[in-house]
Trainee: 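Okay, handing you the structure first.
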There are 2 protein chains.
Amino acid sequence: MNPRKSIHTFRILLAAGLFSAALPTLAEEPIQPIDPVKDINLAEVELGKKLYFDPRLSKSGFISCNSCHNLSMGGTDNLKTSIGHNWQQGPINAPTVLNSSLNVAQFWDGRATDLKEQAGGPIANPKEMAFSHTLTIEILESIPEYVMEFKQVFGSDEINIDSVTEAIAEFEKTLVTPNSRFDQWLLGNKNAITEQELAGYELFKNSGCVACHNGPAVGGTSFQKMGIVEPYQTKNDAIGLAGVTGKDADRFKFKVPTLRNVEMTYPYFHDGEAETLTEAVDIMGRLQLGRKFSDEENAKIVAFLKTLTGQQPAFMLPILPPSTDETRPPVPFD
Amino acid sequence: MNPRKSIHTFRILLAAGLFSAALPTLAEEPIQPIDPVKDINLAEVELGKKLYFDPRLSKSGFISCNSCHNLSMGGTDNLKTSIGHNWQQGPINAPTVLNSSLNVAQFWDGRATDLKEQAGGPIANPKEMAFSHTLTIEILESIPEYVMEFKQVFGSDEINIDSVTEAIAEFEKTLVTPNSRFDQWLLGNKNAITEQELAGYELFKNSGCVACHNGPAVGGTSFQKMGIVEPYQTKNDAIGLAGVTGKDADRFKFKVPTLRNVEMTYPYFHDGEAETLTEAVDIMGRLQLGRKFSDEENAKIVAFLKTLTGQQPAFMLPILPPSTDETRPPVPFD
């Protein structure tokens, strides 16, 4: 936009009352708008997108990254805990892949420092895709279209797990969800959210939720103990950060999940035991803040949380290059 | 295109030698080009696309139509037999959904007369999605965005299995794959296929493959016995058409599969036991035609078959409306 046109637009918006006199100053708010994707390697993204959807990265040929981090469904599977190879029950709720590039670390216990490190995990996990990095490479190398694309993207005839996870991570970096109604409000459009939603946001701030759920992802920036004021009762065995640090003080500390698109990422908590946002808000209030929200307060916060649903990933369903006579067939049934 | 421009284009193409003097006359060929989609209800298609990708149509919340008829993978799962609820092994190879609107009937044994009737099957099959039509409707009715979309599409406040399967079938009608290299050749571009591929087509015709694999789908028009000249050896229990007609003469008669996109729809046959096209062509030659193709002949036919890969479905990954507090949660583990 040229500067003159921009000033003109601003005057029109002012005249239309679209900007409040008391504009919230971004720096003052504990939540910031999500930045749209800027610096990205598009060739890696396109390759990574195929890999993300390719079930040949699993032993069965049936499970892809998208099976449990389904991009039609908020980047989750909407199950308490996931279904893995041979219908094994996963140990923990699958966190959303949406905006995961904004997380301080990956997995609930933060055992992977970044998306690239994360991407290698499920492929080789016997309870998830149950495959191996070596076999994954063998599969990809048997498919000429993959070989050619890896060569174009990475400039090498060799495919290795490093390039595979690099490409998947680059694709995942595109999975941010800017432009939610709340972000529009943050950016100055006071009509983007309702009074009730705004009241919910005020309550969310005043009652202390933002202490942990802050930043552009409204979470994802720290590890916190599940059950501070009251202990959290669960049958789930996960011990959280302690499994990574070995420190007893880190038991039941989990990465604070992002609340972006939280309307789509049910059920909630690391054990997936909270089925509704109402339930999750109630439990968080009591266990983390020592505060029992009234029904009305709860409804306000839930209304605010629903304004965090942003623009979902928009891309063509990728078409995967076919296997060849040399490709090892999947082994769904042992 | 206006007529004058069209004539002009034709002259240019003639001058460039893109049309052969000895154009094949379409009517003379046993295979016809696939028609692009013409008469379609786009509103139904968009709704049906969501339903096709929605795993909430299964008991587990994990299996959608796209799980076994994966549109990234030629409309199949590329497994010998599919994986169903609780990782049950399916009884038969999942046929491709691509161009299935051109089939004389649906399923290998033709037990569904059309796509609409087919669509209801897997939802309620305890070995597949293991759900029920009643529960499917209950789920959809708990999601306001679905209720609204059904109302817009069908003009009724009530969702029923009839409208669900109607929408899925309408979406599936869009899954045709025109414009393969072979179709370009059929339409007059003699350079669209190589000499070897053309020789393969001639052999395909002369040796009798076209007796069953004909029409726009290169199959799908009749039921034939698997193993005519020699019996087919298989551990698979499927008896084919006889299960529908009750006639002993229909034992081991299966719907002739389409060969469109056959490069992508491995493994082959109703039991999925042929892993490669080379193997499938060899077995078909011996068992159905009493002819042992030489390696060279086999390679020619395989080369021809690979020209049948058409334009794959091209659409944005659908985003599904989220469940609500009223939506019954899935039951992945009993």
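Residue numbers begin at 1 in each chain, while the letters A, B, ... track the order of the sequences.
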Trainee: Minimum heavy-atom separation for Ser67(A) to Phe62(B), with atom names?
Mentor: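 Closest heavy-atom pair between Ser67(A) and Phe62(B): O-CE1, 3.7 Å.
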Trainee: Against chain A, work out which of Glu279(B), Arg56(B), Met316(B) has the most heavy-atom pairs shorter than 4.5 Å and name it.
Mentor: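 Ranked by contacts with chain A, first place is Met316(B).
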Trainee: For Met264(B), is it the side chain, the backbone, both or neither that has a heavy atom under 4.5 Å from a heavy atom of chain A?
Mentor: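 For Met264(B), the contact with chain A is made by backbone and side chain together.
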Trainee: Using modelled atom types and a 3.5 Å cut-off, is there a donor and acceptor pairing between side-chain atoms of Ser72(B) and backbone atoms of Leu320(A)?
Mentor: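 Not at all, since once roles are kept as given, no pair shorter than 3.5 Å links the two residues.
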Trainee: Within this structure, what is the CG-CG distance for the pair Asn70(A) and Asp54(B), rounded to the nearest 0.5 Å?
Mentor: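 Asn70(A) atom CG to Asp54(B) atom CG measures 9.0 Å (nearest 0.5 Å).
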Trainee: Any pair with a residue in residues 63-72 of chain B that passes salt bridge (Lys or Arg N to Asp or Glu O under 4.0 Å), sequence neighbours left out, goes on the list, sorted by first then second residue, please.
Mentor: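 Listed once each, the pairs would be none.
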Trainee: What part of Ser64(B) is in contact with chain A, defined as an atom under 4.5 angstrom from a non-hydrogen atom: side chain, backbone, both or neither?
Mentor: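 It is neither, since no heavy atom gets under 4.5 Å.
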Trainee: Using a 6.0 Å cut-off, check whether atom NZ of Lys306(B) has over 12 heavy atoms from anything other than its own residue.
Mentor: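 No, not enclosed.
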Trainee: Picking from Ser60(A), Ala314(A), Gly61(A), which has the most non-hydrogen pairs under 4.5 angstrom with chain B?
Mentor: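 Heavy-atom pair counts peak at Ser60(A).
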Trainee: Below 4.5 Å from any heavy atom of chain B, which atoms of Glu275(A) appear? Answer side chain, backbone, both or neither.
Mentor: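 The side chain, not the backbone.
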Trainee: What closest approach, in Å, do Pro322(B) and Glu263(A) show between heavy atoms, and which atom pair accounts for it?
Mentor: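 Shortest heavy-atom separation between Pro322(B) and Glu263(A) comes out as CB-O, 3.7 Å.
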Trainee: Sort by residue number and list every member of residues 75-88 of chain B having a non-hydrogen atom under 4.5 Å from chain A.
Mentor: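 Result: Asp77(B), Asn78(B), Leu79(B), Thr81(B), Ser82(B), Ile83(B), Gly84(B), His85(B), Asn86(B), Trp87(B), Gln88(B).
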Trainee: So which residues of residues 325-334 of chain A are in contact with chain B at a heavy-atom cut-off of under 4.5 Å?
Mentor: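 At a heavy-atom separation under 4.5 Å, chain B is reached by Asp325(A), Pro329(A), Pro330(A), Pro332(A), Phe333(A).
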Trainee: Can you list everything that forms a salt bridge (Lys or Arg N to Asp or Glu O under 4.0 Å) with Asp271(B)? Sequence neighbours excluded, please.
Mentor: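 Residues passing salt bridge (Lys or Arg N to Asp or Glu O under 4.0 Å) with Asp271(B): none at all.
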Trainee: What's the separation between atom OG1 in Thr324(A) and atom OH in Tyr266(B), rounded to the nearest 0.5 Å?
Mentor: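 The distance works out to 8.5 Å.
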